[in-house]
Every structure is written in C-alpha cells, then in structure tokens.
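In what follows, residues are counted from 1 in the order of the sequence shown.
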Amino acid sequence: MARAKFTAALLLLAAAVAMTAAEDPYLYFTWNVTYGVISPLGVPQQVILINGQFPGPVINCTSNNNIVVNVFNNLDEPFLLSWNGIQQRKDSWQDGVAGTNCPILPGQNFTYHWQAKDQIGTFYYFPSLGLHKAAGGYGPIRIHSRALIPVPFDPPADEFDVLISDWYGQSHQELTRFLDSGRRLNRPRGVVINGAAPAKAGDAPSFFMESGKVYRYRVCNVGVKASLNFRIQGHKLKLVEMDGSHTVQNVYDSLDVHAGQCFSVLVTADQPPRDYFLVASTRFQRREQSTTALIRYTGSNIPAAAELPPAPTTWAWSLNQWRSFRWNLTASAARPNPQGSYHYGQINITRTIQLASSTSVVDGKLRFSLNGISHRDASLPVKLAEYFGINGAVFQYNQINDVPPAPRAAMKIAPNVITAEFRTFIEIILENPEKSMQSYHLDGYSFFPAGMGPGKWTPESRRTYNLLDTVSRHTIQVYPSSWTAIMLTFDNAGMWNLRSENWDRRYLGQQLYISVLSPERSLRDEYNMPDNTILCGAVVGLPLPAPYT
C-alpha cells in the first residue's frame, strides 16, 4: 500500500515537472515611452518614442509565446498600448484600450502579459488613447509558426517590416484640439514609410536584397485614416498572409492596404541589380499623395529609375481585388488542423446586427455614431465596472437596436456597450451610407468577411456571400455608399472594442464595446483580473469580486 502511494506521488511529481517543462517560452521587454522630435516631411513635430525609437522595437515571437512588456510612461499624460490583431484569448484585461484598462499615469509603469495563442502572421502595436496614434508610438509584431507546423512557402532569405501611414505633421495635442473644436481632419500632409521622409535616388537604402533570393515584406497600414496602395518598382508581390491567415498565393502588381490592415508578400529579387523604389500612396483622395523607400540589390551602385509605378484608380478596382483574396484551405496555421476544417458557411446564424455609421452635429460639434449612439468613454473602463458589478451606475447595455434608427433620428452621446451571447454565431452588417472610405476592426477575434457590395444591404444580399474560403481576418474595409458583412462565433469571453480604424471617427464616437460573458464564470472561459491591474474611478477601494474557479 505504501509502495503504491509512493508510486502515485512520483507520477504526480513527474506530471508536474513535465507540465512546467512544457510551458510555452517567455519573451521579456522593457519599454520607456518618451516624447521626441522628428521631421519626416520637413516640419519638426513632437512624436512618441519607445526606447528612443520611431517606429518602436519589433516583437519577434512564435505562436503561443508569452510576451511580457513592462511599459514606463515618461509622458506628461496618461498612456496605453494596444495590440492590433492579437486575440488575447480569455484575457481582455491585456487589450489595452479605454474600455478595458485604466491608463498608465505619467511617471508610472504597467506590465502587460499576453500570449500569442494559436496565432501566426503580421500585426502591430499602437497607443490607443486619444490621438496618440497620429504621433507614433507604434511598432511591428511578427508571430512565426511553431517548428512542427508547416508553412506553405519556403523560408525567405530575410523579413522586412514596412509600416505605412498617412502623416499630418502636427502633434497629437493639436489634432485633438482641432477635432474637439468641431471640425473635420483635413487631408494629411503626406505619407511616410517607417516614419521616414521620402527617399530620393542615391539616398541610403532601407532594404537590401540579393539577386535570386526571395524576401518577405510585412506591410501594415498604421495610419490615422487613409487607405494606401503598396507596390515595388519592377517587382511582383506574391500575397501569402493577411491579418494572421495564410492566403492563396495570388500575384499582384500592387495591393490596397486599408487602415488597420496587415499583409505579407513574397518578393523575388529577379530584376537587374540596381536600386528600386518601394512606393506607398493614398487612395480615394482628390489628389494622390505618395512616398518612397529604397531597396538596393547587394553590390549595385545604379540608382533607381525616376519613373514610379502608377497607383490604381477607382474603388471598384479595390473591391475587385478584395474579391480575389482566398483563404488557403490546405495550409495549417498556428493549430494543427487545416484552416478549412472550420466550415463557417455551414453554421446557422443566430443573430444579425446591422450597424450603420452616421455623422451629425451635437451641441455645435461634429460627432460620429453607430446606430445613433456616439460613444464616449465612461468614467472608468466598462470592463472593470462590469467585473465589480457596478455597471448599472456607469453605463447601460444595449442602448442601440440591431437595426439602424430611422433617418434623421437624433444622435445620442453615451457609452455604447452591447451584449453578445457566449458561443453564438452572429452576422454583423457594417453599413456606410457616406461618401468617405471606412475601415473597422474588432478586438479579440478574427471574423469572416463573407460579402460586400454597393448600396443598401438586404437579406437577399446573402446570395452573393462567399461561404467557402473568404480570408479570416480582424480588419475590413467598407466602401462609400456600401456594406460589408462579417460572420463570427463569439467564443472569446471578455469586453471587446469594435471600432472605426479612421481615427478621427473613432475619437468622435464611431465605436462600441461588445460584452461577451460566460454564464459559468469559469477559468475555462475567462481569466481572473490580473493582480497588477490598475484600478481607477469608482472601483478603487471596493472589495474584490470572488475569483473564477
């Protein structure tokens, strides 16, 4: 009997050691956030630096790695970082937006701990409060597949991060005052690539390629609002990944990258050795604005040709390009099962939510809304209010209906929080009745953009849906006077931000939060509030809720 107990104890100890040894690796970062001055377009501007860098340091990790980032706020104002496209499974506490986290106050620090759980691909981080994003503070995230998970292309000779953005040439405080005064953002001053001024022939190159080799360019539109077209002089772009999903490897001359989106392309160095321009230019503006970076073939001293490849025209071209994107159903991603094993088109829709944007003037100031509610942040993060059970005193759920209000209905300003039943499959229609280009992002999830088209959405529009192999992603565009339909299972418990990636619209109310609660209140579905959570507002001093078990 004693021997049996001893053997059982040894087995338990061995299992515990094995579990410890099998824990996914940790990567640690210490980031100091400060102000700095740069002049990418010839005008000195205050920007936000991380460890003295703009853009900030790259997070280069592997699927399921644990990422620990200790952020020291050396600014003179509150600060938060968010992680665009990182799903934060069961852990919206790490999402880093105003609805989930109290800000890091000046002179204070906060340590994020998140896991790249079952994800691969190209992402970025950014400052989420106010108009901070217009002043920098962003940087790239690479998540590689684990060694045992095959990737549908050979390892490239090198990888390059390409962060493209519109650039206003004004401090975020100036832009904030401008919007708060009731005015719209004007056209940006220009476009930047990795925060740098446009390159000229003979300048120092940003990227090097060796003849005959293949390179991966990870391209993200981290800008304030403009859709941008990306292309490389004399070279084709083989699309292999977007927003964390492997794609069918179509070849393009150029790609439209809308606000908040990320693409990976393979580029073969198959042209005569010399310099070549990498180009990013605005789309859907009356006057195109472009910028360039230089790529140099190793050993070459021939300058780039002056003539740049032209950008496409019309948004119909862009819509047709989106229709050409297909999910790679034969490729594995972060999980061992093929992506095509998730047959989203065969799941019954339990709820349809139509969200229409609108523009109005409230109390003499410009505001934007979704279904008639223009979001304002509550007195404390709505996630904290919900967790501590005081949400009724801070905000009200479901102030909007699942269909847009009648035309010319009065706009209301309030925290906009809706509920979604845990593990239900929901269709969301994003309607853009306006003349501007729009883009939306949903934290905590990837979704299936099943369809988009001009005019108003009707149930008959479902006949045009791609129910087989649309690319699972986290950010999607909505063209002027058009609609886009996305579908997803709300299986990630937490509080999640659905927002316009047009940052002026987001700042002035075009966003909401979706509360997804597990009825079991179980660690199986959601993590407890971390011990280092910053508390603020009405929850300071309240007794902690009973933890999930």
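Checked against ring pair (Phe, Tyr, Trp, His ring centres under 6.0 Å), Y465 has no partners two or more places apart in sequence or in another chain. In this structure Y507 satisfies the ring pair (Phe, Tyr, Trp, His ring centres under 6.0 Å) test with no other residue, sequence neighbours excluded. Legend: residues meeting ring pair (Phe, Tyr, Trp, His ring centres under 6.0 Å) with H258, ordered by chain and number and at least two apart, are Y479. Judged as a ring pair (Phe, Tyr, Trp, His ring centres under 6.0 Å), and not counting sequence neighbours, the contacts of Y138 are F54.
In this structure, W327 has its ring center closer than 6.0 angstrom to the ring center of F448. Taking the six-membered ring for Trp and the full ring otherwise, the centers of H132 and F126 sit at least 6.0 Å from each other. Taking the six-membered ring wherever Trp is involved, the centroid distance between the rings of W114 and Y125 does not fall below 6.0 Å. Under the 6.0 Å cut-off for aromatic ring centres, W83 and Y112 qualify, their centroids lying closer than that.
Salt bridge status for R89 with E526: absent, with no side-chain N to carboxylate O gap under 4.0 Å. Ion pairing between a basic and an acidic side chain is recognised when a charged N comes within 4.0 Å of a carboxylate O; R231 and D256 show no such pairing. Note on D443 versus R499: salt bridge recorded, some NZ/NE/NH1/NH2 to OD/OE distance being below 4.0 Å. Salt-bridge formation is not detected for the pair E241/R473: no Lys NZ or Arg NE/NH1/NH2 atom is positioned less than 4.0 Å from an Asp or Glu carboxylate oxygen.
Between F325 and F263, the ring planes lie perpendicular to each other; the angle is over 60°, past the 30° to 60° tilted range.
Residue pairs satisfying the salt bridge (Lys or Arg N to Asp or Glu O under 4.0 Å) criterion with at least one member in residues 412-429, sequence neighbours excluded, are listed as follows: R423-D525, E427-R462. Residue pairs meeting the salt bridge (Lys or Arg N to Asp or Glu O under 4.0 Å) criterion with at least one member in residues 390-411, sequence neighbours excluded, are R351-D402.
When each of F447, F422, Y445, W496 is checked for a ring-ring contact (aromatic ring centres under 6.0 Å, His included) with F490, only Y445 meets the rule.
At least one test fails for K225 against the ring of W503: distance under 6.0 Å to the centre or angle within 45° of the axis.
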Next on the checklist: side-chain hydrogen bond (donor to acceptor under 3.5 Å, both in side chains) for Q354 and E431? Distances and angles first, verdict last.
Outcome noted: CA-CA 7 Å; Q354 289 178 253; E431 297 184 343; 2.9 Å; yes
